[in-house]
Amino acid sequence: MAYVAVTGGQEAIEEANGLAHFYRVKDTTPSLDIESIEKQLRLLVDRVMGEGGMYAPEYAALALKQAEGDPAEAAFLLRAYRSTLPRNHYSLTVQPVDMRVIRRISSSFRDIPGGQMLGPTYDYTHRMLNFSLRQESNEDMIAFAKEYTDAAELADGSLTFKKVADLLREQGLMAKAAKGKSEEQEPFDITRQKMTIPTTRAARLQALTRGETGAMTALAYSSMRGYGVVHPTIGELRVGYAPVYIPYPYSSEGGDDCLYIGELMLTEVETINSFKQDAESGNVQFLLGYGLCFGQNELKGISMAILERSLETEGTAPAQDEEFVLTHIDSVESSGFVSHLKLPHYITFQSSLDQIRKVQVQKAQLKPEEDERDANNRAEAEQPQENIQHSRV
Amino acid sequence: MQTTEQKQNNHKRTFNTAEYNFAFLDEGSKREIRRKSLKAVAIPGYQVAFASREMPIGRGWGTGGLQLTLSLLGRQDTLKVIDQGNDDSVNAVSIRRLVEETSGILTTEETAQASIIQSRHRIPEEKLKFDQILVLQVPQPEPLRKVERREERTRIQHAEMDYSAMWLTLYESIVKWGSITLGADYPVMVHERYIMAPSPIPRWDTEKLHQSHHLTLFGAGREKKIYAIPPYTNVQPLEFEDYPFEVESFDGLSCRHCGSMDSFLDEVVDDEAGITIHQCSDTAYCRQQQERIG
């Protein structure tokens with residue numbers, strides 16, 4: 001009975017939930033420890049936090065456990081949880097320049113002050129399955145970590161570095177950050193207001209930083225490959241921990257005391273793009289592309305920098321279209337709407353059925369007349385016609 | 001750390017309600033949604049943008065309606081949830097259970113007993129009263145999206161009441177097919193001002209919006225829009241003088257359960273007998289009719 005509603009909905013859902021739970025636990029022990037997920041699936045946790053728009057490694061790990069590792073589902077769990085939280089404080093602007101850097105590279109300059117720092121990366125590993133991991137024991141892990149830290153020589157000095165973009169600015173090769181008005185402006189908040197197109201730069205950056213890694217990579221790739229104009233050099237890619245401060249809640253009016261509340265791991269990417277002449281100053285300068293996201297997610301950081309720059313350029317490529325890019329990269333929205341097709345649609349389909357039958361009857365009545373038309377007319381009539389959509393659901 | 005009791009309940013309850021605010025959303029969010037709803041009531045048919053929170057059900061699965069419902073709920077309310085007219089459809093059950101778990105309020109399947117009715121794709125057959133609110137889930141709030149894909153443009157078209165592209169499309173449909181072939185979600189003119197998407201309700205239900213006694217609120221979570229038809233508002237389906245609006249035809253058909261000849265019918269194919277039979281899509285109405293007949 002094709003069109004009958006699934007009846008016994010309540011029982012069906014309970015059974016399905018039970019079965020999903022069963023599939024998560026069957027044939028396996030021990031239960032995945034949240035800390036193991038958080039630490040050993042670090043990059044996945046970072047990705048989920050970024051797309052979930054919430055920096056909470058433990059909750060991201062929990063979400064991944066609950067979702068059997070599906071990143072879209074896990075990001076969704078975080079977002080939904082986020083909806084229940086009141087917003088108590090706004091942090092001061094986080095300054096990635098103050099980052100305690102664990103990795104920092106530039107593909108524009110061989111020698112950057114402070115030096116290139118490869119840090120933890122898979123970039124130069126050979127992608128060969130490491131079968132020995134099958135036998136990795138807890139003891140092996142502990143032993144390696146101890147051996148590694150014991151052997152490491154702690155470098156003297158600071159782990160914060162000047163930004164490459166600032167060096168370019170000092171040399172007049174890149175426009176200086178606008179001082180004054182833009183700094184005072186309260187940013188548009190896409191979680192508290194609907195973003196309208198054309199939107200502000202603040203909203204644009206927020207949408208990008210919460211975007212789905214794969215979707216953004218695809219669009220950024222399209223821009224580099226030929227459907228767009230942005231193909232940058234990476235001025236600097238840095239990964240590290242940036243401190244977060246909130247204004248001291250009990251400080252007197254106008255006081256600038258603040259409280260340190262912790263640190264975030266961030267990936268920041270600044271790309272150098274083709275140069276242009278500034279209309280006001282007449283200076284010829286490089287253009288910056290900017291990417292920033294939670295955790296270590298370099299692919300997303302770079303993609304964001306490309307898309308951010310691409311959206312600042314005029315053109316007809318998909319990656320230059322603000323509405324196209326910003327409304328389609330959100331994983332919760334795209335996965336939600338695509339999967340809603342699994343819901344029953346028989347009312348709308350019934351409505352279409354009614355219309356197609358009516359049209360069929362009308363066309364059948366018109367048939368004899370049509371037969372008398374000349375061949376040219378008929379050929380024209382038979383050309384594929386753009387149909388009006390019968391139902392949009 | 002979880003207690004043993006929580007662990008035992010894990011497969012039944014997906015989360016511990018005590019850890020969440022009444023009706024899930026935080027109060028600040030609920031207030032924003034209510035304010036936007038009031039604005040929507042004040043400008044019938046106009047799409048009011050709102051921030052739209054992520055909900056614990058799929059985005060595109062009724063999150064707009066759900067946010068409206070949750071923001072409206074008080075502890076004394078009684079909620080009915082239907083999908084395709086059916087209280088027992090899986091998505092309706094899922095939404096109803098979520099509201100029960102996070103608010104503890106009463107739910108019902110009786111249309112007349114509900115103070116708030118959240119629905120997807122149907123308006124109940126039973127006429128709603130002035131103290132009831134109908135919340136409709138909306139996948140695509142923009143009726144002009146059929147003719148203009150850019151949000152930036154459609155906002156201007158609404159502001160300027162520039163609906164020529166829409167009328168032209170309807171005219172083209174008549175030229176190509178001999179009639180306006182739009183199925184569900186048939187566009188309407190609200191109080192002689194805004195063209196509005198009534199959500200994918202069948203044309204059968206469209207006329208119920210005209211001069212209704214009850215308030216209808218429309219929520220599109222993914223598209224972040226709220227709009228409304230207040231009681232006693234003119235709602236006119238788009239039509240031409242010589243090509244009038246027509247509802248779905250069920251000529252000579254009746255419900256196999258209650259025998260009703262004036263309700264929206266679902267087609268059911270009986271595999272064994274190889275015939276098509278019909279039944280009421282509104283299950284609560286059907287049950288009521290069956291009881292009346294006895």
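Protein chains get the first letters and strands the later ones, always in sequence-line order, with residue 1 at the start of each. What you see below is based on every heavy atom in this structure, not just the backbone, and it leaves out hydrogens, waters and symmetry mates.
Distance check, rounded to the nearest 0.5 Å: CG of B:D83 to CG of A:L343 gives 6.5 Å. Taking CD of B:E54 as the start and CZ of A:R79 as the end, the distance is 4.5 Å to the nearest 0.5 Å. The distance from the NE2 atom of A:H340 to the OG1 atom of B:T63 is 11.0 Å, given to the nearest 0.5 Å. Atom NE2 of B:H121 is separated from atom OG1 of A:T348 by 5.5 Å, given to the nearest 0.5 angstrom. The distance from the CD1 atom of B:I201 to the CD1 atom of A:I347 is 11.0 Å, given to the nearest 0.5 Å. From B:R203, atom CZ reaches atom OG of A:S351 across 4.0 Å, with rounding to the nearest 0.5 Å.
Heavy-atom pairs under 4.5 Å with chain B peak, among A:E323, A:R82, A:K342, A:R357, at A:E323. Chain A forms more heavy-atom pairs under 4.5 Å with one residue of B:V138, B:L25, B:I57 than with any other, namely B:I57. Considering only heavy-atom pairs separated by less than 4.5 Å from chain A, the leading option among B:R150, B:E32, B:M55 is B:R150.
Here the closest non-hydrogen pair linking B:W61 and A:G336 is NE1-O, 3.1 Å. When every heavy atom of A:K194 is checked against every heavy atom of B:A49, the shortest pair comes out as CD-CB, 3.5 Å. The minimum heavy-atom distance linking A:Q362 with B:S179 is given by the pair OE1-OG, 3.8 Å. Shown here for A:S83 and B:F24, the closest heavy-atom pair between the two residues is CB-CE2, 4.1 Å. What you find for B:G60 and A:F337 is that their closest heavy atoms are CA-CD1, 4.1 Å. Between B:W177 and A:V359, the closest heavy-atom pair is CE3-CG1, 3.4 Å.
Judged by distance alone, the side chains of A:Q350 and B:E267 do bring a donor and an acceptor atom under 3.5 Å apart.
Summarising the local packing, CZ of B:R149 is surrounded by 12 or fewer heavy atoms from other residues, nucleotides or ligands at distances under 6.0 Å. Residue A:Y59 places its OH atom among 12 or fewer non-hydrogen atoms of other residues, nucleotides or ligands, all under 6.0 Å distant. More than 12 heavy atoms of other residues, nucleotides or ligands lie within 6.0 Å of CZ in A:F188, so this atom counts as buried by the packing criterion. Residue A:E68 places its CD atom among more than 12 non-hydrogen atoms of other residues, nucleotides or ligands, all under 6.0 Å distant. Around the CZ atom of A:R87, the shell of radius 6.0 Å holds more than 12 heavy atoms that belong to other residues, nucleotides or ligands.
Of the atoms belonging to B:Y186, not a single heavy atom falls under 4.5 Å from chain A. For a residue to count as touching a neighbouring chain, one of its non-hydrogen atoms must lie under 4.5 Å from one of that chain's; by this rule B:E246 touches chain A with the side chain only. With a threshold of 4.5 angstrom between heavy atoms, A:T191 approaches chain B through N, CA, C or O but not through any side-chain atom. Proximity to chain B is limited to the side chain of A:D321, based on heavy atoms less than 4.5 angstrom apart. Heavy-atom distances place no part of B:K36 under 4.5 Å from chain A, backbone and side chain included. With a 4.5 Å cut-off on non-hydrogen atoms, A:L77 does not touch chain B at all.
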*Please assess A:T196 against B:E152 for the test side-chain contact (heavy atoms from CB on, under 4.5 Å), listing each intermediate value before the final yes or no.*
CA-CA 8 Å; A:T196 47; B:E152 203 178 336; over 6 Å; no
*Begin from the C-alpha positions of A:E333 and B:R59 and carry the test salt bridge (charged side-chain N to carboxylate O under 4.0 Å, His left out) through to its verdict.*
CA-CA 6 Å; A:E333 279 163 18; B:R59 207 154 176 82; 3.3 Å; yes
*Could you go through the side-chain contact (heavy atoms from CB on, under 4.5 Å) check for A:I13 and B:V90 one step at a time?*
CA-CA 7 Å; A:I13 288 177; B:V90 278; 4.0 Å; yes
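Salt bridge annotation for B:R97-A:E14: present, with a cationic side-chain nitrogen under 4.0 angstrom from a carboxylate oxygen.
Put simply, the side chain of A:D354 gets close to the backbone of B:S249: a donor and an acceptor are under 3.5 Å apart.
Looking at heavy atoms from C-beta onward, A:M195 lies out of side-chain contact with B:E151 at the 4.5 angstrom threshold.
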